[in-house]
Asks: 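Sharing a structure, written as structure tokens. Questions coming.
Just so we're on the same page: letters track the sequence lines, and every chain starts at 1. If you're wondering where the values come from, they're calculated on a predicted model, not measured in any experiment.
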Amino acid sequence: MLADALLEGLNPEQQEAVQTTEGPLLVLAGAGSGKTRVLTNRVAWLIGVCGIAPEAILAVTFTNKAAGEMKARVEKALGPDARGVWLSTFHSSCVRILRAEIGHLGRSRGFVIYDEDDSLALVREALRRHGQDPKEEARRLRWRIDQWKNAGLLPAQAAERAEDLESEESAEVYATYQRLLAEANALDFGDLLLLTVELFERFPAVLRHYQERWQYVMVDEYQDTNRVQYRLVNQLAAAHRNLCVVGDPNQSIYRWRGADVRNILDFERDFPDAKVVALHRNYRSTQRILSGAGAVVENNPGRPPKRMVTDRGDGDRIVVYAARDDRDEAQFVVRGILDAVRERGHSYGQCAVFYRTNAQSRTIEEELLKYDVPYVVVGGVRFYERAEVKDALSYLRLIVNPADGAAARRIVNRPARGIGKTTLERAEAIAAERGLPLLEAFRAIANEESGRAGTAVRGFVTLLDSLEAEVREALPADAIARVLDRSGYLRALEAEGTPESEARVENLKELLLGAEDFAAANAGEESGRSPLEQFLDQVALVSDLDSAELRDDRVSLMTVHSAKGLEFPIVYVVGLEEGVLPHQASTKDPRAVEEERRLCYVAMTRAMERLALTWAHERRRYGSRSFGTPSRFLAEIPAALVERLGAPDWEAEARDDRPAYDYSYDQSRGSRSGGGSEEGGVTKGMRVRHPIFGYGSVLEVIGSGPGQALRIRFDRAGVKKIIVRYANLELG
DNA sequence: CCTCGGTGATTTTTT
DNA sequence: ATCACCGAGG
């Protein structure tokens with residue numbers, strides 16, 4: 001009976017994927033092919049039909065949201081029987097394992113999890129200890145360390161592979177960074193995975209325990225796994241070899257974060273006996289949308305993807321709108337949405353706007369506001385990364401783990417209590433010298449110094465001590481409330497009385513509410529760790545106040561990356577220009593362009609009924625004006641699928657090898673806007689390209705009309721004075 | 001120690 | 001345009 005229910009409504013391929021429980025299985029799940037349903041039904045099948053113990057199943061996803069969704073669906077099918085399944089993200093799975101086993105690596109189980117900010121601060125500190133200036137280096141190096149970790153390289157291995165002096169030095173700082181992390185009893189995101197893999201490698205008996213436990217392993221979004229995740233999955237599945245991975249190479253969009261699409265492409269090589277099931281029936285989009293998206297992604301080299309088919313009918317053509325500028329583009333989008341809602345019975349919640357970069361949301365938002373269209377921007381600054389929220393949490397972190405230097409550094413002078421840079425630096429020097437945690441260094445100052453600084457530090461240390469006594473065993477919400485009150489943080493914020501400070505107070509209230517919810521949801525769970533500790537784990541690993549983002553009565557705005565996994569009846573993808581999508585930074589590297597193309601594919605395949613792609617001739621970018629040409633991806637969509645709106649026939653020109661529009665400043669054409677007017681004229685700060693000197697910035701505009709000259713600082717050739725009329729300059 | 005103003009850079013970001 | 005960071009001055 002349950003068996004029938006679990007197969008009902010599934011197509012033959014989906015059924016096969018659900019029923020294939022033994023041995024390695026690769027499910028190639030194209031966009032909208034009902035992948036989540038297959039995964040959840042497969043879990044339910046294993047338990048409810050095959051009689052496998054829930055405890056023997058591990059299913060990992062990338063996001064909490066995906067994990068939560070699957071968990072809910074499995075529980076719906078099976079009831080409470082499903083409880084024992086480990087269904088969580090890579091990172092939380094690793095946290096659970098490490099909380100139990102990290103002792104083997106000589107580390108304490110009470111570790112805290114550092115986010116990007118904390119980790120950046122620590123990289124700075126590491127650089128300082130190497131006598132280097134942390135200014136410029138820090139961001140880049142943090143990135144590099146992250147990449148090393150994604151690739152599964154510990155400092156020693158990174159050093160081995162260093163081919164130049166700079167890499168060697170970086171690897172040394174990496175080693176110091178790891179040491180500082182250990183001293184702070186902290187792990188960064190990358191460590192969670194890397195140390196788990198290391199643990200399993202060095203302690204086979206520990207690995208064996210988990211291998212035996214998990215007879216069935218499933219991985220979602222396998223195309224986005226990085227090398228460490230790959231190793232982890234292979235370690236865990238090695239004994240039973242019941243490994244099911246699900247993914248779509250065409251939706252691999254996190255290469256820049258260390259994801260390695262080879263993981264999925266080589267699955268059949270890794271497991272020669274693997275069964276492969278391809279889900280190519282699409283349940284989301286109309287045929288035109290599907291064919292258009294497929295035609296784009298087919299331009300990537302490699303095995304051409306299997307064409308997706310749908311039974312949703314042909315649908316409308318894909319609209320391609322050539323806008324005059326970004327405002328016009330936004331207007332087009334908003335008018336279209338208003339039309340869909342007023343004339344065609346759609347709700348705002350069924351409409352979405354996707355863009356390549358967050359900065360592009362501004363123009364769209366302005367226009368939506370103008371017409372009173374309700375919207376929500378998904379993503380952007382994350383809740384738990386807001387300064388005030390991090391401040392409050394840092395108090396808790398420091399109370400739970402006095403070794404947490406990042407937390408101490410953060411709150412020692414927040415609210416302002418007269419402990420400035422000088423004092424902080426002295427504390428850090430003491431910490432480095434005597435090998436103490438930062439907080440202990442502050443204690444030393446409090447005990448040893450009598451001056452103004454000493455008094456201030458004493459105040460801080462006393463505050464912390466009394467807070468610790470009050471709060472350590474408290475419930476998270478109480479702890480936060482007390483911290484905000486006793487530290488004077490809330491009072492200081494309220495005293496400011498600015499709109500910003502009010503918003504911060506609001507955020508803190510939201511944090512309190514979130515903490516209360518957490519306490520309600522997690523009452524009595526897990527052993528050994530205080531509610532406060534559990535709460536801190538949770539906020540470190542949850543990207544946002546989870547849900548409540550997509551609302552039925554609001555238009556959704558988000559980056560294409562955030563859109564992955566979602567679907568909307570009506571979709572606008574804006575900014576389809578060279579330099580935007582594909583992004584400027586990606587155009588030099590063919591592999592990066594391929595990823596941009598997949599990004600375009602992901603964006604298009606989110607649409608169920610109506611899809612519009614827009615580009616703008618002219619766009620405000622970094623404050624100044626820039627001119628754009630239609631994205632190469634637009635030309636890859638067969639004309640028969642497209643309805644072209646807006647400005648003139650760009651396609652004929654785009655087929656040419658030249659840019660679609662020639663905005664050269666030569667004598668025959670003058671400036672684009674007809675010369676003289678400010679509209680298209682050259683202004684200070686503008687970026688231009690000279691046929692001989694290359695790119696440069698305009699320092700000064702001298703005169704006007706035919707005699708107009710420019711002083712330009714060229715990136716390579718220095719400052720030169722150029723007569724516009726003769727120079728054949730291009731904007732760029 | 002705090003605040004203001006100049007400087008530079010500026011993709012995407014599940015955890 | 002905007003934001004984060006740094007250095008000079010209050």
Asks: Using the salt bridge (charged side-chain N to carboxylate O under 4.0 Å, His left out) rule, pick out the option among A:K564, A:R257, A:R255 that qualifies with A:D224.
Replies: A:K564
Asks: What contact category does A:F90 fall into here, base, sugar-phosphate, or nothing, at under 4.0 angstrom with non-hydrogen atoms?
Replies: nothing
Asks: Does a side chain donor of either A:S119 or A:D188 reach within less than 3.5 Å of an acceptor in the other side chain?
Replies: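 No donor-acceptor contact under 3.5 Å links the two side chains.
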Asks: Toward the 5' end of DNA chain C, which comes first, A:L120 or A:R362, by nearest nucleotide?
Replies: A:R362
Asks: Between the protein and nucleotides 2-5 of chain B, list every N/O to N/O distance that falls short of 3.5 Å.
Replies:
from	atom 1	to	atom 2	distance (Å)
B:dC2	OP1	A:N413	ND2	3.4
B:dC2	OP2	A:N413	ND2	3.3

Asks: Establish, for the pair A:R227 and A:Y230, whether the NZ or CZ atom is under 6.0 angstrom from the six-membered ring centre and no further than 45 degrees off its axis.
Replies: yes
Asks: Checking all strands, does A:T422 fall into the base, sugar-phosphate, or nothing category for heavy-atom contacts under 4.0 angstrom?
Replies: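 The answer is sugar-phosphate, as A:T422 gets under 4.0 Å only of primed atoms, P, OP1 or OP2.
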Asks: Which nucleotide wins on minimum distance to the side chain of A:Y254, given the candidates B:dC1, B:dT12, B:dT13?
Replies: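 When the side chain of A:Y254 is considered, B:dT13 is the closest of B:dC1, B:dT12, B:dT13.
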Asks: Flag this pair as yes if the NZ/CZ of A:R124 is under 6.0 angstrom from the six-membered ring centre of A:Y177 and inside a 45 degree cone about the axis; otherwise no.
Replies: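 No, A:R124 does not lie over the aromatic ring of A:Y177.
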Asks: Ignoring the backbone of A:A585, work out which of B:dT13, B:dC1, B:dT11 is nearest its side chain.
Replies: B:dT11
Asks: According to a cutoff of under 5.5 Å between the ring centres and under 30° between the ring planes, does A:H561 stack with the base of B:dT12?
Replies: no
Asks: Heavy atoms from C-beta onward define the side chain here; which of B:dT12, B:dT10, B:dC1 lies closest to that of A:Y622?
Replies: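 Of B:dT12, B:dT10, B:dC1, B:dT10 is nearest to the side chain of A:Y622.
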Asks: Under a plain distance cut-off of 3.5 Å, with no hydrogens placed, do A:Q223 and A:D248 share a side-chain donor-acceptor pair?
Replies: no
Asks: In terms of side-chain heavy atoms, does A:N300 have a donor or acceptor partner in A:R597 at a distance below 3.5 Å?
Replies: yes
